[in-house]
Asker: 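What follows is a structure written as structure tokens; I'll ask about it next.
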Amino acid sequence: MSETRWNQSIHERIDTSEIQHRRVVIENSHGEKLVGVLQDTGSTETVVICHGIHSSKDRIPMVTIANVFERAKISSFRFDFAGNGESEGSFQYGNYRREVEDLRSVLQHLRGENRVISAIVGHSKGGSVVLLYVAKYKDVQAVVNISGRFFLERGMEWRLGKDYFKRIRENGFIDVRNRKGKFEYRVTEESLMDRLTTNTHEACLSIHENCRVLTVHGTNDSIVHVTDASEFAKHIKNHKLCLIEGADHEFTSHQHQLASTVLAFFKLDPKDSGDVSTSNRNHMTSVVAIKSRI
């Protein structure tokens, strides 16, 4: 082996040895312990990744995205919201505002460890949460919304069944079961109203134009229709929309396309406005369509 290749090999081994996966426990504002995984590459630059409804930090695409950032030598932190995965607390169907505060606790903790939050990434419900977060706190300059839902009043009949509003008013709750009839979680009237009173449109208009937002959506998403993605593009000032052809809600067969799209957006120079449209300036949307390789 040549000296050059030998030096490169040593350098690669050193870089790999510096990467650590650490379980981190952070207390939220309600005293509940949130459990996360820090994939520490040695860089203080950190991307925070949020999962969707009734999910966890260990599902796709959260792990895939964390791994692609790791290969790019960028640290990431993925965690379970309260009531999900390993974290304490009880699962709630709505809880958008409270999950925003969970995210706030996480970012404050990481900043207290001298980490720089470079971006926040959310999948599905997590996509809504990261947008609600920057609308309120305005302290993150790059956001990725993956398969997020704009119209929160939609998609509930699929989970709760027909006449769900009438039934929940009569009984006070609805128990959600999977296809095998096994109990998954209870939806109370309070948690349902939390979702219905969360104003995505207002939040999008409140996001500062200095905050870059990427929405990634699959054209074959049967959980959140792809038309929701275009609504984010209409109302967020500094927005880029990427549609991945043939991808489902979790990008099951399109993990590479999703991860590479997110990483490319992260690395994009904010000064390069060619790929990012400002919707209230020209009312147009920057759309990148990625065709499936499957």
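Treat the numbers as computed from the prediction; the structure is a model and nothing was measured.
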Asker: Test of understanding: clusters of I, L, V, M, F, W, Y form through side-chain heavy atoms closer than 4.5 Å, transitively. Do Tyr185 and Met156 belong to the same one?
Answerer: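 Linked within one cluster.
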Asker: Under 3.5 Å, is there a donor-acceptor pair between the side chain of Ser87 and the main chain of Asp80?
Answerer: yes
Asker: Going hydrophobic residue to hydrophobic residue with side-chain gaps under 4.5 angstrom, can you get from Val100 over to Val48?
Answerer: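 Hydrophobic grouping puts Val100 with Val48.
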Asker: Taking all heavy atoms of Gly36 and all of Lys57, pick out the closest pair and write down the distance.
Answerer: CA-CD, 4.0 Å
Asker: Any side-chain donor-acceptor pair under 3.5 Å between Asn220 and Asp248?
Answerer: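 Note: Asn220 and Asp248 side chains miss the donor-acceptor criterion.
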Asker: Begin with the C-alpha distance, continue with both residues' side-chain angles, and end with the deciding distance and a verdict on ring pair (Phe, Tyr, Trp, His ring centres under 6.0 Å) for Phe91 and Phe81.
Answerer: CA-CA 9 Å; Phe91 172 80; Phe81 285 111; over 10 Å; no
Asker: Salt-bridged, Arg23 to Glu86, with N to O below 4.0 Å?
Answerer: yes
Asker: What heavy-atom pair brings Ile117 and Arg111 nearest, and what distance separates the two atoms?
Answerer: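 Result for this residue pair: CG1-NE, 3.7 Å.
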Asker: Does atom CD (Glu184) have a neighbourhood of more than 12 heavy atoms from anything else shown, all under 6.0 Å?
Answerer: yes
Asker: Salt-bridged, Lys136 to Glu101, with N to O below 4.0 Å?
Answerer: yes
Asker: Tell me if a side-chain donor or acceptor on Lys237 pairs with a main-chain N or O of Ser206 at a distance below 3.5 Å.
Answerer: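 Answer holds: no.
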Asker: Check whether any side-chain N or O of Asn95 sits under 3.5 Å from a backbone N or O of Arg98 as a donor-acceptor pair, and report yes or no.
Answerer: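 Not at all, since once roles are kept as given, no pair shorter than 3.5 Å links the two residues.
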Asker: Testing the basics here: between Gly85 and Ser56, what is the closest heavy-atom pair and its distance to 0.1 Å?
Answerer: CA-CB, 4.1 Å
Asker: Any idea how Phe150 and His235 line up, ring-wise: parallel (<30°), tilted (30 to 60°), or perpendicular (>60°)?
Answerer: parallel
Asker: Whether the side chain of Ser191 engages the backbone of Val187 through a donor-acceptor N/O pair (distance < 3.5 Å, no angle test) should be reported.
Answerer: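 No.
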Asker: For Glu245 and Thr219, test the side chains for any donor-to-acceptor distance below 3.5 angstrom and give the result as yes or no.
Answerer: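 No pair is found: no donor N or O on one side chain lies under 3.5 Å from an acceptor on the other.
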Asker: Do we get Arg104 above Tyr137's six-membered ring, with its NZ or CZ under 6.0 Å from the centre and within 45° of the axis?
Answerer: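 Yes, Arg104 and Tyr137 form such a contact.
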Asker: Minimum heavy-atom separation for Leu103 and Cys50, please, with both atom names.
Answerer: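 Closest approach of Leu103 to Cys50: CD1-SG, 3.9 Å.
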Asker: Applying side-chain hydrogen bond (donor to acceptor under 3.5 Å, both in side chains) to Tyr133 and Asp139, what does each step give before you reach the verdict?
Answerer: CA-CA 9 Å; Tyr133 179 90; Asp139 60 355; 3.0 Å; yes
Asker: Go through the steps to decide whether Gln39 and Asn67 satisfy the test side-chain hydrogen bond (donor to acceptor under 3.5 Å, both in side chains), and finish with yes or no.
Answerer: CA-CA 8 Å; Gln39 293 186 212; Asn67 289 341; 3.3 Å; yes
Asker: Within a 6.0 Å radius of atom CD on Gln108, are there more than 12 heavy atoms belonging to other residues, nucleotides or ligands?
Answerer: yes
Asker: Find the distance between CD1 (Ile74) and OG1 (Thr46) and round it off to the nearest 0.5 Å.
Answerer: 10.0 Å
Asker: Can you tell me if Ser260 uses its side chain to pair, donor with acceptor, with the backbone of His256 under 3.5 Å?
Answerer: yes
Asker: I'd like to know whether NZ of Lys33 has more than 12 heavy-atom contacts from other residues, nucleotides or ligands below 6.0 angstrom.
Answerer: no
Asker: Looking only at side chains, do Glu88 and Asn28 share a donor and an acceptor under 3.5 Å apart?
Answerer: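 Note: Glu88 and Asn28 side chains miss the donor-acceptor criterion.
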Asker: Is there a path of hydrophobic side-chain contacts, each under 4.5 Å between heavy atoms, that joins Met62 and Leu263?
Answerer: yes
Asker: Check whether any side-chain N or O of Thr44 sits under 3.5 Å from a backbone N or O of Val116 as a donor-acceptor pair, and report yes or no.
Answerer: no
Asker: Start with the C-alpha gap between Thr41 and Ser75, add the side-chain angles, then the distance that decides, and say whether side-chain hydrogen bond (donor to acceptor under 3.5 Å, both in side chains) holds.
Answerer: CA-CA 5 Å; Thr41 65; Ser75 299; 3.2 Å; yes
Asker: Taking side chain as C-beta onward, heavy atoms only, is Ile65 less than 4.5 Å from Val121?
Answerer: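 Answer yes - side chains close enough.
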Asker: Quick one: does Leu214's side chain get under 4.5 Å of Val143's, heavy atoms only?
Answerer: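 No, every pair of side-chain atoms sits at 4.5 Å or beyond.
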Asker: Does a side-chain N-to-carboxylate-O contact under 4.0 Å join Asp221 and Arg149?
Answerer: no
Asker: Without swapping roles, check the side chain of His208 against the backbone of Asn210 for a donor-acceptor pair under 3.5 Å.
Answerer: yes
Asker: For the ring pair Phe251 and His123, is the centre-to-centre distance below 6.0 Å?
Answerer: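 No, too far apart.
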Asker: Using the side chain to side chain contact (heavy atoms under 4.5 Å, CB included) rule, pick out the option among Arg78, Gln20, His21, Arg115 that qualifies with Leu38.
Answerer: Arg115
Asker: Looking at His51, is its backbone amide N or carbonyl O close enough to the side chain of Ser55 to form a donor-acceptor pair, meaning the two atoms are under 3.5 Å apart?
Answerer: no
Asker: Spell out, as yes or no, whether a donor-acceptor pair under 3.5 Å connects the side chain of Asn84 to the backbone of Ala82.
Answerer: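 Yes; at least one donor-acceptor contact below 3.5 Å.
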Asker: Please report the C-alpha distance between Lys234 and Glu231 in whole Å, then the side-chain angles of each, then the deciding distance to 0.1 Å, and finally whether the salt bridge (charged side-chain N to carboxylate O under 4.0 Å, His left out) criterion is met.
Answerer: CA-CA 5 Å; Lys234 290 178 184 177; Glu231 293 299 320; 3.1 Å; yes
Asker: Give a yes or no on whether Val140 and Phe77 share a hydrophobic cluster (residues Ile, Leu, Val, Met, Phe, Trp, Tyr; joining criterion: side-chain heavy atoms under 4.5 Å apart).
Answerer: yes
Asker: Are the side chains of Leu152 and Leu196 in touch, meaning some heavy atoms are under 4.5 Å apart?
Answerer: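 No - every pair of side-chain heavy atoms lies 4.5 Å or more apart.
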Asker: For the pair Glu45 and Lys73, find out whether any cationic side-chain nitrogen is under 4.0 Å from an anionic carboxylate oxygen.
Answerer: no
Asker: Mark yes or no: Arg167 above the aromatic ring of Tyr164, with NZ or CZ under 6.0 Å from the six-membered ring centre and no more than 45 degrees from the axis.
Answerer: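 The answer is no; the distance or angle limit is not met.
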Asker: Do side-chain atoms of Asn145 reach the backbone of Thr215 as a donor and acceptor pair under 3.5 angstrom?
Answerer: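 Pair absent, no side-chain N/O of Asn145 close to backbone of Thr215.
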Asker: Shortest non-hydrogen contact from Ile236 to Cys204?
Answerer: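 Looking at all heavy atoms of both residues, the shortest contact is CG1-CB, 3.6 Å.
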Asker: Find out if a path of hydrophobic residues (ILVMFWY) with successive side-chain heavy-atom gaps under 4.5 Å connects Phe79 to Val35.
Answerer: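 The answer is no; the residues belong to distinct hydrophobic clusters.
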Asker: Would you say the rings of His239 and Phe232 are close, in the sense that their centroids are separated by under 6.0 Å?
Answerer: no
Asker: Nearest heavy-atom pair of Ser105 and Ile26: which atoms, and what distance?
Answerer: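 So the minimum-distance heavy-atom pair works out to O-CG2, 3.9 Å.
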Asker: Does NZ or CZ of Lys125 lie under 6.0 Å from the centre of the six-membered ring of Tyr96, at an angle within 45° of the ring axis?
Answerer: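 Judged by the rule, Lys125 and Tyr96 form a cation-pi pair.
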Asker: Taking the six-membered ring of Phe183 as reference, does the NZ or CZ atom of Arg177 fall below 6.0 Å from its centre and within a 45° cone about the axis?
Answerer: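 Verdict for Phe183: no cation-pi partner in Arg177.
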